[in-house]
There are 10 protein chains.
Amino acid sequence: MRDLLETFENKNKGKKFVCEHVYPELTAVCPTTELPDFYTLRLLYEPDEKIVELKSLKLYLTSYRNEGIYHEELINKIIEDLKAVIEPNWIFIELEVAVRGGISTSVRRFWDKNEGDDIERAIEGI
Amino acid sequence: MRDLLETFENKNKGKKFVCEHVYPELTAVCPTTELPDFYTLRLLYEPDEKIVELKSLKLYLTSYRNEGIYHEELINKIIEDLKAVIEPNWIFIELEVAVRGGISTSVRRFWDKNEGDDIERAIEGI
Amino acid sequence: MRDLLETFENKNKGKKFVCEHVYPELTAVCPTTELPDFYTLRLLYEPDEKIVELKSLKLYLTSYRNEGIYHEELINKIIEDLKAVIEPNWIFIELEVAVRGGISTSVRRFWDKNEGDDIERAIEGI
Amino acid sequence: MRDLLETFENKNKGKKFVCEHVYPELTAVCPTTELPDFYTLRLLYEPDEKIVELKSLKLYLTSYRNEGIYHEELINKIIEDLKAVIEPNWIFIELEVAVRGGISTSVRRFWDKNEGDDIERAIEGI
Amino acid sequence: MRDLLETFENKNKGKKFVCEHVYPELTAVCPTTELPDFYTLRLLYEPDEKIVELKSLKLYLTSYRNEGIYHEELINKIIEDLKAVIEPNWIFIELEVAVRGGISTSVRRFWDKNEGDDIERAIEGI
Amino acid sequence: MRDLLETFENKNKGKKFVCEHVYPELTAVCPTTELPDFYTLRLLYEPDEKIVELKSLKLYLTSYRNEGIYHEELINKIIEDLKAVIEPNWIFIELEVAVRGGISTSVRRFWDKNEGDDIERAIEGI
Amino acid sequence: MRDLLETFENKNKGKKFVCEHVYPELTAVCPTTELPDFYTLRLLYEPDEKIVELKSLKLYLTSYRNEGIYHEELINKIIEDLKAVIEPNWIFIELEVAVRGGISTSVRRFWDKNEGDDIERAIEGI
Amino acid sequence: MRDLLETFENKNKGKKFVCEHVYPELTAVCPTTELPDFYTLRLLYEPDEKIVELKSLKLYLTSYRNEGIYHEELINKIIEDLKAVIEPNWIFIELEVAVRGGISTSVRRFWDKNEGDDIERAIEGI
Amino acid sequence: MRDLLETFENKNKGKKFVCEHVYPELTAVCPTTELPDFYTLRLLYEPDEKIVELKSLKLYLTSYRNEGIYHEELINKIIEDLKAVIEPNWIFIELEVAVRGGISTSVRRFWDKNEGDDIERAIEGI
Amino acid sequence: MRDLLETFENKNKGKKFVCEHVYPELTAVCPTTELPDFYTLRLLYEPDEKIVELKSLKLYLTSYRNEGIYHEELINKIIEDLKAVIEPNWIFIELEVAVRGGISTSVRRFWDKNEGDDIERAIEGI
């Protein structure tokens with residue numbers, strides 16, 4: 001799947017800015033029940049040399065449509081793929097999961113190139 | 001009740017991330033009036049080696065349905081049970097109580113493995 | 001009025017947690033115009049050895065119904081009564097006043113057992 | 001105009017608390033176009049020895065109705081008048097201006113008796 | 001385009017205050033698809049000696065209507081133009097982009113005269 | 001109480017128009033529990049020869065503050081008083097009662113000079 | 001259960017008015033899964049000679065807490081019980097069911113003493 | 001004031017369509033208290049041969065800024081002026097008045113060239 | 001797909017009531033772009049002898065996940081399947097489509113056993 | 001411009017259903033001020049033999065970007081173009097115009113193949 005992600009050069013390298021993308025149409029399959037899960041993904045990062053190309057991001061996210069994968073694996077797989085491909089200064093992802101059994105769930109992680117995971121930012125949701 | 005809680009292994013141990021669950025269908029019984037109380041529970045924690053299994057969490061919470069228990073006891077019992085079973089790095093719980101006598105009430109507590117209770121986070125509701 | 005407030009023992013003493021009560025039905029009388037004032041009260045505190053009993057809190061607040069009292073006096077009287085009766089680790093009160101003359105007003109104060117008044121928390125409304 | 005502002009004694013001097021007033025009916029005249037401008041004023045301060053009397057505040061604000069004055073002058077004039085009359089520990093004002101040319105505008109300033117202007121608080125809008 | 005921006009003198013120089021403008025009608029053209037992009041621009045700055053004249057700001061922003069330009073270039077071009085013309089103490093811009101392919105996007109940057117770019121403020125959106 | 005209501009002459013008699021007043025500060029006392037009840041009153045009518053004077057309406061409504069009266073009696077008493085005093089072409093009242101025991105309640109009635117009560121309009125809440 | 005319902009005399013018989021009660025704390029048990037179901041009940045009726053006593057209504061609704069019953073049975077049982085006890089001119093009930101399997105469900109019925117069921121009103125939710 | 005209103009020719013005469021204008025910045029003076037009143041005006045009409053020119057409408061409405069006039073007079077004066085100047089097929093006006101004494105008020109009238117006043121439409125607010 | 005739909009007997013046959021289901025997780029594939037489409041389905045019907053079983057409804061809707069089908073075909077296929085399986089007195093479906101190209105779309109149809117399609121109800125969305 | 005609109009065959013001809021499209025990105029130029037106008041377009045129609053192709057609808061609407069045209073002309077031109085190209089059973093358009101001079105405006109028209117313009121539906125906005 002990682003191959004679906006494309007980037008273009010950040011022409012404003014050296015300037016520090018934030019890119020945020022929200023995608024309410026992420027869906028995958030629960031490995032246990034084989035029923036679909038629905039997610040709203042929120043992604044923030046600070047580009048270093050590369051910026052993720054938006055259409056490729058959509059195709060990458062769409063490719064999970066028929067994959068069986070748990071919430072915790074999904075967030076970590078997406079974050080690792082984006083780290084590998086865009087090599088950002090830092091990256092944050094939040095997955096909001098649609099209500100199941102009356103419980104609504106979300107998972108959040110923040111990773112920084114120099115400091116590693118930052119649980120404070122994950123708690124606050126940035 | 002604690003026996004109802006099940007966990008599975010955190011395969012992303014070493015990565016720091018936050019799990020949040022919101023359950024608006026928690027209900028117990030007021031020991032004084034013997035009338036039902038209704039709660040919205042908000043639970044956040046950082047998994048260490050274990051993640052709470054969602055269906056078992058629901059069954060655990062459902063098991064309070066006919067228990068007589070006060071707000072303050074309830075929040076502390078749930079937090080102690082989850083500490084014992086999932087051994088998280090930290091855990092936060094907020095109980096919002098449905099309006100009674102025109103007063104709406106909530107109770108919040110945050111506990112950290114190393115630092116113990118953190119009243120700052122409880123004040124801010126994380 | 002202070003006599004109306006009752007408490008019960010905090011069985012979770014030593015655990016730090018926050019109790020929040022919101023009461024949108026507080027009403028008193030303006031000493032100048034003799035017309036009723038309407039308030040939404042927000043009260044937060046950290047219990048030490050005592051917890052305020054909810055029904056007694058309601059009766060206490062209801063007892064202002066026909067009292068002539070200004071906003072600033074009211075907030076300070078309530079906070080001093082609660083300090084005396086529940087001896088909390090800290091207490092915060094916000095009074096939102098219903099619109100008068102097109103102006104909506106609120107008053108806020110935070111007091112801590114060790115540090116006294118904390119204007120920072122009053123500014124932020126906690 | 002400053003003469004319209006009246007105060008009364010702060011009987012809770014020594015206690016630190018915050019007074020907030022929101023007035024969505026402030027209007028003045030644009031000196032360039034001679035058309036009316038509409039503002040929502042948000043005012044916060046910590047009283048020292050004096051508290052602004054609410055009715056006089058309304059009359060003071062109403063007195064701008066036919067004055068030609070720019071946004072930046074208006075906020076600074078109001079803040080200077082209130083500083084002079086109520087001598088607060090600190091004061092904050094935000095003026096939200098009604099949409100003009102599709103652009104909505106607001107202006108904010110925070111002043112402290114000891115520290116002078118505090119741009120951090122102005123940025124955050126307190 | 002930069003020539004379209006006009007300023008007037010800040011008569012309150014020495015006082016620190018914040019000006020905020022929100023413009024939901026910014027539109028440019030996507031260089032790839034040649035279809036229009038729609039933006040909501042949020043601009044904050046602290047004036048030093050100059051304040052941007054509102055009508056000129058609108059005409060400046062309107063001038064992008066038929067320009068082909070990417071999101072990241074657009075935010076950086078606007079920020080550089082405003083830096084050059086109003087020479088503010090600091091400036092912040094957020095561009096919210098209308099949904100494309102189901103993804104909603106925003107870009108944020110904060111620049112300070114003395115400290116340069118501040119990624120913390122960009123993350124928090126001030 | 002009815003004596004508190006004052007009217008002034010409808011100078012636009014012959015023109016048909018609707019007057020609507022919403023008062024969220026109505027309060028009376030529950031005869032059973034002796035605790036206060038809180039109501040939002042919505043009143044619509046078509047003036048014939050008389051219009052209710054607003055300040056007198058407020059004083060009239062304020063006079064219920066310490067009266068013991070049930071919801072159904074209250075709505076019918078207010079509607080009969082207003083019928084007697086302003087002799088409208090028709091009148092509609094809705095009383096929304098603040099939540100008690102987890103149940104929120106409202107009561108509605110519509111009366112027309114020629115047709116009497118109109119249950120259809122009461123159902124729809126006009 | 002029907003025995004739990006109490007009424008009092010409608011002293012305004014002959015006047016046509018509507019009583020509406022909303023209860024977001026109705027819960028029963030799903031006969032198939034044995035898991036709790038959560039409902040928001042909306043009840044409207046026009047009293048004839050009797051009005052339902054509010055506290056008894058709450059106790060009646062609370063008595064379903066541990067009953068196994070399907071949505072369609074529940075709405076029809078409540079409506080038949082209320083018809084029998086308060087003998088209203090007409091009655092309408094809507095049950096909103098909490099989300100299950102991602103589907104939110106509601107059921108509505110309107111019954112009139114003279115006309116029987118009225119599907120139009122049920123469609124429109126009155 | 002009526003002279004301020006300008007019209008232009010309806011080039012789509014014979015086609016039936018509705019024009020709606022909402023103006024939240026209408027203000028006049030209360031003749032009794034001499035304090036300003038604030039209104040949101042909602043105006044709908046079906047043009048016959050003439051359409052009201054928008055800038056002239058604004059200037060016309062602005063001209064009430066320092067006029068002493070009651071709510072009921074104001075709505076009827078505006079409707080009569082617009083009837084005289086644009087000669088519409090029908091016209092509807094709603095004036096929402098800012099809260100005074102805790103009471104929010106609105107006044108509505110609908111007039112049709114052939115049928116005269118239509119109280120049904122005034123009740124429903126169209 | 002139709003085979004996935006299961007029903008159970010309507011034990012309240014003869015009573016007229018409405019069942020409404022809202023499913024925000026419907027997704028299919030656009031035959032042209034082969035990209036996923038996302039829908040919110042709203043379904044209302046009056047049961048005759050059969051009621052649709054909720055879990056089977058979910059499985060039926062889930063089965064469109066990888067089908068290539070246009071909006072207009074989808075709504076008509078679902079309505080025809082449900083007509084065939086539950087034989088309702090009438091049925092209404094609304095499909096809200098997620099924004100594409102900046103345009104949000106919805107499609108609505110109402111069918112009655114005796115009267116056939118009813119465009120009025122489709123316009124109003126019931 | 002009309003040539004930009006494309007249609008495809010309605011395969012469900014004979015079934016009556018409604019298509020609704022909302023486009024918040026319509027923009028044209030004011031002929032008087034030469035400044036851009038911004039619109040939200042709402043379009044509903046009942047297809048007869050043809051359905052408008054969505055991408056062509058977007059390109060058609062985009063083509064107004066640099067056209068000088070008044071609100072009333074715009075709505076009527078769009079409605080006439082769509083009538084000519086898709087020959088619907090009926091069509092409704094609402095144009096909401098972005099605030100200018102503090103006034104927000106909208107224009108609405110409904111046309112039916114057999115009955116011509118229907119002002120009732122235009123008033124109600126369908």
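Computed from a predicted structure; not experimentally measured. In what follows, chains are A, B, ... by sequence order, proteins preceding strands, each numbered from 1. What's counted below: heavy atoms across the whole structure, side chains too, no hydrogens, waters or symmetry copies.
- Between A:V107 and B:C19 the shortest heavy-atom distance is CG1-SG, 4.4 Å.
- Two residues are said to be in side-chain contact when any heavy atoms from C-beta on lie closer than 4.5 Å; A:N76 and B:F17 meet this criterion.
- More than 12 non-hydrogen atoms from other residues, nucleotides or ligands lie less than 6.0 angstrom from NZ of B:K113.
- Contact of B:F8 with chain A is made through the side chain alone, with heavy-atom distances under 4.5 Å.
- Nearest heavy atom pair, residue B:P24 against residue A:G102, reads CD-O, 3.2 Å.
- Heavy atoms closer than 4.5 Å to chain A are found in both the backbone and the side chain of B:L54.
- Taking the charged nitrogens against the carboxylate oxygens, B:K11 and A:E72 have no contact shorter than 4.0 Å, which rules out a salt bridge.
- When every heavy atom of B:H21 is checked against every heavy atom of A:T105, the shortest pair comes out as ND1-OG1, 2.9 Å.
- Salt-bridge annotation for A:E120 and B:R121: present, with a side-chain N of the basic residue lying under 4.0 Å from a carboxylate O of the acidic one.
- Here the shortest heavy-atom pairing between A:I103 and B:K58 reads CD1-CB, 4.0 Å.
- The two residues B:V18 and A:I123 make their nearest non-hydrogen contact at CG2-N, 3.7 Å.
- Between B:L44 and A:R108, the shortest heavy-atom distance links the atoms CD2-NH2, 3.3 Å.
- Taken from CD1 in A:I75 to CG in B:N12, the straight-line distance is 9.5 Å, to the nearest 0.5 Å.
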